[in-house]
Amino acid sequence: MSLMSKKIETLANIPLFRSLDDSRIRQLDTQCAWRRASRNEWLIDFQDDSNDVLFVVSGMVRVKLQSVSGREVLLREINAGEFFGELAAIDNQPRSSGIVAMTAVTVARMPASIFRNAVHTYSDVSDQLLALLVGQIRMLANRVNEFTTLDAKYRIYAELLRLSKPIPGRSRHASLSPPPAQSEIAARVSIRREAVAREIKALERAGLIERRRGALVLTDTARLQTMIQKALDAE
């Protein structure tokens, strides 16, 4: 193994283990199986019965759910420094989602028993995991609320806001760079791509979104948030 590979194949930059010293990190490194995957390669299939926890050391992966109809729904991205598979490691049930690489990635595959031991041994690891799980519950509760109460166009507005990042110095502006494909937005909110295209065109006509080189710019995030809230309050 090259020196560069050894530098990459470590959990030292995983925030979950920020409280551990170098010797404990090295010990965990040796207890993981390391893997590199290419873009669009599946790391975990739907209903996979393994219970290892995978840490993304470099690259980005995407979490996908499969609806009853068979349509894939994009749930979230997992970036370098983050991890997935903790639910299966805790309850030993089949995976609730599939994971696909969006870039070339390096992942560390940690056995569930090693993960649980770290959670039980180090209080900071335990506290971070609890905070993460609470955050996931809140996020899923919010998404369920949107799916059950909001029409498609408002779900699109909410997803655009989630994907955007504030533009410094412009309080109401935010950008999506690079701009997501319409099919990706459609998969995130479980509607057809044509509906996304139609609503983005409507936002352009209303002056609420602008196309720029390499980005979509939301020109009034406060107004979009108000529109979403009014739709929620009307239910």
Side-chain angles (χ1 to χ4, degrees), residues 1-2 4-18 20 25-119 125 128-133 135-137 139-140 143 159 162-163 178 180-181 183-190:
M1 182 183 297
S2 68
M4 181 60 70
S5 295
K6 289 181 179 179
K7 288 182 179 180
I8 293 175
E9 294 184 356
T10 178
L11 298 169
N13 294 321
I14 303 295
L16 184 69
F17 301 123
R18 64 190 179 189
L20 277 62
I25 290 290
R26 286 194 296 270
Q27 182 180 14
L28 288 177
D29 288 346
T30 64
Q31 294 172 311
C32 292
W34 294 85
R35 176 183 174 186
R36 287 183 172 82
S38 303
R39 174 180 166 84
N40 294 327
E41 185 175 346
W42 285 88
L43 300 172
I44 292 178
D45 289 327
F46 297 110
Q47 297 298 307
D48 184 286
D49 60 3
S50 65
N51 64 353
D52 298 336
V53 179
L54 279 73
F55 294 87
V56 181
V57 177
S58 66
M60 182 182 77
V61 302
R62 177 170 287 165
V63 183
K64 293 187 176 184
L65 300 176
Q66 194 166 46
S67 68
V68 175
S69 65
R71 177 185 295 177
E72 289 184 354
V73 178
L74 304 186
L75 185 59
R76 63 188 178 104
E77 278 81 30
I78 300 175
N79 297 299
E82 300 174 339
F83 58 96
F84 56 92
E86 67 280 0
L87 298 183
I90 292 170
D91 65 8
N92 202 33
Q93 295 297 308
R95 307 281 186 180
S96 60
S97 56
I99 307 291
V100 63
M102 298 307 298
T103 66
V105 297
T106 299
V107 296
R109 192 167 192 128
M110 179 181 289
S113 59
I114 302 299
F115 178 76
R116 290 197 300 268
N117 183 64
V119 171
V125 173
Q128 287 191 74
L129 179 62
L130 288 172
L132 174 80
L133 294 175
Q136 290 182 0
I137 291 170
M139 181 271 291
L140 289 171
R143 295 290 290 271
E159 196 61 35
R162 267 192 293 270
L163 293 172
S183 58
E184 176 183 333
I185 299 173
R188 286 176 176 275
V189 297
S190 193

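FYI, side chains are in, hydrogens and waters are out, and symmetry mates aren't considered; it's all heavy atoms of this structure.
To the nearest 0.5 angstrom, R76 atom CZ is 11.5 Å from R188 atom CZ. Separation of atoms CZ (R62) and OG (S97) is listed at 13.0 Å; rounding is to 0.5 Å. Between the CG atom of N51 and the CG atom of N92 there is a distance of 4.5 Å, given to the nearest 0.5 Å. With rounding to the nearest 0.5 angstrom, the CG atom of D29 is 9.0 Å from the CD atom of E9. Taking CG of L43 as the start and CG of D52 as the end, the distance is 12.5 Å to the nearest 0.5 Å. To the nearest 0.5 Å, the span separating CZ on F115 from CG on L54 amounts to 11.5 Å.
When all heavy atoms of R109 and S50 are compared, the pair lying nearest together is NH2-OG, 3.0 Å. When all heavy atoms are compared, the tightest approach of V56 to N79 is CB-O, 3.8 Å. Pairing each heavy atom of P15 with each of G81, the nearest pair is CD-O, 3.1 Å.
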Exercise. Where do T10 and L28 land on the side-chain contact (heavy atoms from CB on, under 4.5 Å) test, with the steps shown first?
Worked result: CA-CA 9 Å; T10 178; L28 288 177; over 6 Å; no
Problem set entry | Verdict with reasoning, V63 to F84, per side-chain contact (heavy atoms from CB on, under 4.5 Å) | CA-CA 9 Å; V63 183; F84 56 92; 5.6 Å; no
For this session: In sequence, state the C-alpha distance, the side-chain angles, and the governing distance for L129 and E86, and then conclude on side-chain contact (heavy atoms from CB on, under 4.5 Å).
Result: CA-CA 9 Å; L129 179 62; E86 67 280 0; 4.1 Å; yes
Problem set entry | R36/S58 under side-chain hydrogen bond (donor to acceptor under 3.5 Å, both in side chains): CA gap, chis, key distance, verdict | CA-CA 9 Å; R36 287 183 172 82; S58 66; over 6 Å; no
For this session: Show the numbers, then the answer: is there a side-chain contact (heavy atoms from CB on, under 4.5 Å) between E184 and E159?
Result: CA-CA 11 Å; E184 176 183 333; E159 196 61 35; over 6 Å; no
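At least one side-chain heavy atom of C32 sits less than 4.5 Å from a side-chain heavy atom of M110. Here the side chains of W34 and T106 are in contact, with some heavy-atom distance below 4.5 Å. Looking only at side-chain heavy atoms (C-beta outward), N117 and I114 stay at 4.5 Å or farther from each other.
Checking each of L16, I78, V57 against F83 for a side-chain contact (heavy atoms from CB on, under 4.5 Å) leaves exactly one that passes, namely L16.
Looking only at distances, a side-chain donor or acceptor of E41 sits under 3.5 Å from a matching main-chain atom of S38. With hydrogens and angles ignored, the 3.5 Å screen pairs no side-chain donor or acceptor of R95 with any backbone N or O of D49.
Here F17 and F55 bring their ring centres to under 6.0 angstrom of each other.
Scanning for salt bridge (Lys or Arg N to Asp or Glu O under 4.0 Å) contacts around R26 gives an empty result, with sequence neighbours left out.
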